Amino acid sequence: MTRQLIADLMKSETGLDSVVIQGWVRTRRDSKTFFFLEINDGSCLKSMQAVVNEDAAGYADSKGIATGASVTVKGRLVASQGKGQKWEIQADSVELVGSADETFPLQKKRHSNEYLREIAHLRPRTNFYGAVFRIRSKLAFAIHRFFNDRQFFYVHTPIVTASDCEGAGELFRVSTLDPKNPPLGEGGEIDSSKDFFGRSTYLTVSGQLEGETYASALGNIYTFGPTFRAENSNTSRHASEFWMIEPEMAFCDLAADMDLAEEFVKSVIKEVMESCADDLELFFNFIDKELRQRLEFVLSRPFQRVTYTEAVEILQACGKKFENKVEWGVNLQSEHERYLTEEHFKSPVTVYDYPKELKPFYMRANDDGKTVAAMDVLVPGIGEIVGGSQREERLELLLENMKKHGISEKDYWWYVDLRRYGSMPHAGFGLGFERLLMFITGVGNIRDVIPYPRVPGHAEF
RNA sequence: UGCCCUGUAGCUCAGUGGUAGAGCAGGUGACUGUUAAUCACUUGGUCGUUGGUUCGAAUCCAACCGGGGCAGCCA
């Protein structure tokens, strides 16, 4: 007899004569001749209450069945006499599978997220983290479905890469050289040609450039995989290892790119709200009282859309004191982005057409000579969740840009080739998976939505 | 990387210069339906570390270590 999932039993229309559940004891309440067990098997937020009378098999040996232990309970699914649950199991037998002694760190009370991070191997056994990671799974699936439904192809871009991409932040080096005795070149520098790949390699910071090559063949593609940034960022929304979704569309301009980003965010939120209603209740009730309203608001209204220039004008005219001055040509700071999305528009905002000096070499120059076809989607509470652009498809302009940014044409020969052979307008964006999950759950720290978060100084587990 | 906050029992925290406390958890007992069960009793501490000030330091000061927040960088 195989175990049945509590998620399924909870939905049962009728009582059942013979059921088996296996899971972990959340709490035990003793009475003189019987006890209650609350058992969670991870299949859903709810735990199943089992009533174990003294005539149940295993009752005599049940002393070790305490919080944290794993158990098998066989019995009948019956309507509960008590309040708080529809169904409970009247146990015919109870069996201790694996005990948990009094050192088991999870107690039947609230723990701080900071404490639970230190026991990240056990925290998924709590209601909060169980819900986070069930939703994480469903969200990932919703993302694949979104693209699959629209005939996008899923491309696996490399995780080890040689492109010191975009001249952006620091990269993690990938090497098999002996750090104590690396081969040296004539100038005393490490000779990467002797390394495993015959050159310097890194963990990817983005699959975009490779994604563009596949969009230039399959049409519409997306990537969804781990991404690594070695920046010494210490904030609640940065991790050194995170997952990113990067669609890339051939024959597509910035307007359609923004349309897709907005549709994407709405669609996956809608799907998660339907498929994870129970788990989301926990966040609505205990994490953020305004969360439900905010998600429904996002679904019901179009995103606001402003150019960078308009955003600057709004910020300059709003009369609010900012720590950092707002000036055309300067990056919007967190406080500015937050003002736009949280106070001025009170909704997600897409800001587009940024000054070209602020953006990387691959973004397409606009006709005004000053801006590029870039866009960021900002959401309340988190800030930037999507960054994207239309790519520069014109060979001469791309080469010119690369020169300006000090990027070697030789290293990116294959990327430049796309502009030589059948070039076409194309666009895409990158979306931080964890940031989206934070937005949907209202969880305030990225370390609480990744099973084993990697941040500067921390790689335990 | 910069600025700020913080470290007391297994957990959450009180104690702010004069003999270390509470709730929960753990243990023992009671209880015929509990829901973070309840009730009674009970175990449990080099007050992060090192140094300094003081007759006396959990308390004041410094450094270091750990945790957190904000900013920059971005997703």
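Letters A, B, ... are given to chains in the order of the sequence lines, protein chains preceding strands, and every chain is numbered from 1. Quantities reported herein were computed from a predicted structural model and do not represent experimental measurements. These numbers come from the heavy atoms of this one structure, side chains and all, not from hydrogens, waters or symmetry mates.
Below the 3.5 angstrom threshold, one finds no donor paired with an acceptor across the side chain of A/R29 and the base of B/rC31. Not a single donor-acceptor pair, N or O on each side, falls under 3.5 Å between the base of B/rG68 and the side chain of A/E114. A donor-acceptor contact under 3.5 Å is formed by the side chain of A/Q85 with the base of B/rU34. A/H238 contributes a side-chain N or O that forms a donor-acceptor pair with the base of B/rC74 under 3.5 Å. The base of B/rG33 sits within donor-acceptor range of the side chain of A/E88, with an N or O pair under 3.5 Å. Taking 3.5 Å as the limit, the base of B/rC73 and the side chain of A/S233 contain a donor-acceptor pair of atoms between them.
Counting non-hydrogen atoms under 4.0 angstrom, A/T27 reaches the backbone sugars and phosphates but no base. Contacts of A/Q90 with the nucleic acid, taken as non-hydrogen atoms under 4.0 Å apart, include base atoms. Residue A/T235 is classed as a base contact, given a heavy-atom separation below 4.0 Å to a base. Residue contacts shown for A/N234 include a base, since a base heavy atom lies under 4.0 Å away. Residue A/S80 is in base contact, counting any heavy-atom pair closer than 4.0 Å across all strands shown. Contacts of A/G430 with the nucleic acid, taken as non-hydrogen atoms under 4.0 Å apart, involve only primed sugar atoms and P, OP1 or OP2. Among the atoms of the strands shown, none is found under 4.0 Å from any heavy atom of A/R28.
Distance from the side chain of A/N445 is smallest to B/rG68 among B/rC31, B/rA75, B/rG68. Nearest to the side-chain atoms of A/A239 among the listed nucleotides B/rA75, B/rC11, B/rC73 stands B/rA75. Of the listed nucleotides (B/rU12, B/rG33, B/rG72), B/rU12 has the atom at the smallest distance from the side chain of A/Y115. Among B/rA25, B/rA71, B/rG33, the nucleotide with an atom closest to any side-chain atom of A/F34 is B/rG33. The nucleotide whose nearest atom lies closest to any side-chain atom of A/S334 is, among B/rG33, B/rA75, B/rC74, B/rC74. Checked against B/rU1, B/rG68, B/rC31, the side chain of A/N232 finds its nearest nucleotide in B/rU1. Closest to the A/R117 side chain, of the nucleotides B/rG69, B/rU12, B/rC74, is B/rG69. Of the candidates B/rC70, B/rG67, B/rG33, the closest approach to any side-chain atom of A/H458 belongs to B/rG67.
B/rG21 sits 24 Å from B/rG26 when the P atoms are compared, rounded to a whole Å. B/rG72 and B/rG15 have their C1' atoms separated by 39 Å, with the value rounded to a whole Å. Taking atom C1' on both B/rA14 and B/rA9, the two are 13 Å apart, rounded to the nearest angstrom. Comparing B/rG48 with B/rU6, their P atoms sit 13 Å apart, to the nearest whole Å. One P atom belongs to B/rU42, the other to B/rG68, and the distance between them is 38 Å to the nearest Å. Rounded to whole Å, the separation between the C1' atoms of B/rA62 and B/rU28 comes to 48 Å. Comparing B/rU43 with B/rA22, their C1' atoms are spaced 16 Å from each other, to the whole Å. Only the P atoms considered, B/rA58 is 16 Å distant from B/rU53, to the nearest whole Å.
Going from atom CZ of A/R338 over to atom P of B/rG69 covers 14 Å, rounded to whole Å. Between A/F242 atom CZ and B/rC74 atom P there is a gap of 12 Å when expressed in whole angstrom units. Rounded to whole Å, atom C1' of B/rG33 lies 20 Å from atom NZ of A/K86. The CG-P distance, from A/L358 to B/rC73, rounds to 10 Å in whole Å. Rounded to whole Å, the distance from CZ on A/R26 to C1' on B/rU34 is 18 Å. Following rounding to the nearest Å, A/K108 (NZ) and B/rU38 (C1') show an atom-to-atom distance of 12 Å. Across the protein-nucleic acid pair, A/E54 atom CD and B/rC31 atom P stand 13 Å apart, rounded to whole Å. Remark: C1' of B/rU34 and CD1 of A/I89 are 17 Å apart, rounded to the nearest angstrom.
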Next item on the list: I would like to know whether A/F152 and A/F146 meet ring-ring contact (aromatic ring centres under 6.0 Å, His included); could you show each step before the answer?
Entry: CA-CA 9 Å; A/F152 280 61; A/F146 175 87; 7.3 Å; no
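Of all non-hydrogen atoms in A/V25 and A/A66, the two that sit nearest each other are CB-O, 3.4 Å. Summarising the geometry of A/G68 relative to A/F104, their closest heavy-atom pair is CA-CE2, 3.5 Å, with the distance given to 0.1 Å. Of all heavy-atom pairs between A/H426 and A/E248, the closest is CD2-OE2, 3.2 Å. In this structure, A/Y59 and A/T33 approach most closely via the heavy-atom pair OH-C, 3.4 Å.
Using a 30° and 60° split on the angle between ring planes, A/Y415 and A/F361 fall in the perpendicular class, above 60°. Taking the six-membered ring for Trp and thresholds of 30 and 60 degrees, A/F147 and A/Y222 have nearly parallel ring planes, at less than 30 degrees apart.
With a glycosidic angle more than 90° from 0, B/rU34 adopts the anti conformation.
Contact annotation: A/Q333 side-chain N/O to B/rA71 OP1/OP2 distance is not under 4.0 Å. Contact check, A/S31 against B/rU32: no side-chain N or O comes under 4.0 Å of OP1 or OP2. Between A/N113 and B/rG67 there is no side-chain N or O to OP1 or OP2 distance below 4.0 Å. Side-chain nitrogen and oxygen atoms of A/T33 include none within less than 4.0 Å of the OP1 or OP2 phosphate oxygen of B/rU32.
Remark: nothing in residues 118-143 of chain A comes within less than 4.0 Å of RNA chain B through any heavy atom.
Between A/K138 and A/D279 there is no salt bridge, since none of the side-chain N atoms of the basic residue sits less than 4.0 Å from a carboxylate O of the acidic one.
Side-chain contact between A/L171 and A/F228 is absent, with no heavy-atom pair separated by less than 4.5 Å.
For the pairing with A/F128, the side chain to side chain contact (heavy atoms under 4.5 Å, CB included) check across A/N113, A/L116, A/L45 returns one residue only, A/N113. The residue from A/F153, A/Y154, A/F264 that alone fulfils the ring pair (Phe, Tyr, Trp, His ring centres under 6.0 Å) condition with A/H144 is A/Y154.
Across all strands shown, B/rG21 forms a Watson-Crick or G-U wobble pair, both distances under 3.5 Å, with B/rC13. B/rG2 and B/rC70 make up a base pair, with Watson-Crick or G-U wobble contacts both under 3.5 Å. The partner of B/rC41 is B/rG27, by the rule that a Watson-Crick or G-U pair needs both atom distances under 3.5 Å.
Nearer to the 5' terminus of RNA chain B, by closest-nucleotide assignment, is the contact made by A/F36 (compared with the other of A/F36 and A/R435). For the pair A/D30 and A/L332, both in contact range of RNA chain B, the more 5′-proximal nearest nucleotide belongs to A/D30.
Judged purely by atom type and a 3.5 angstrom limit, A/T341 has no side-chain atom pairing as donor or acceptor with the backbone of A/E337.
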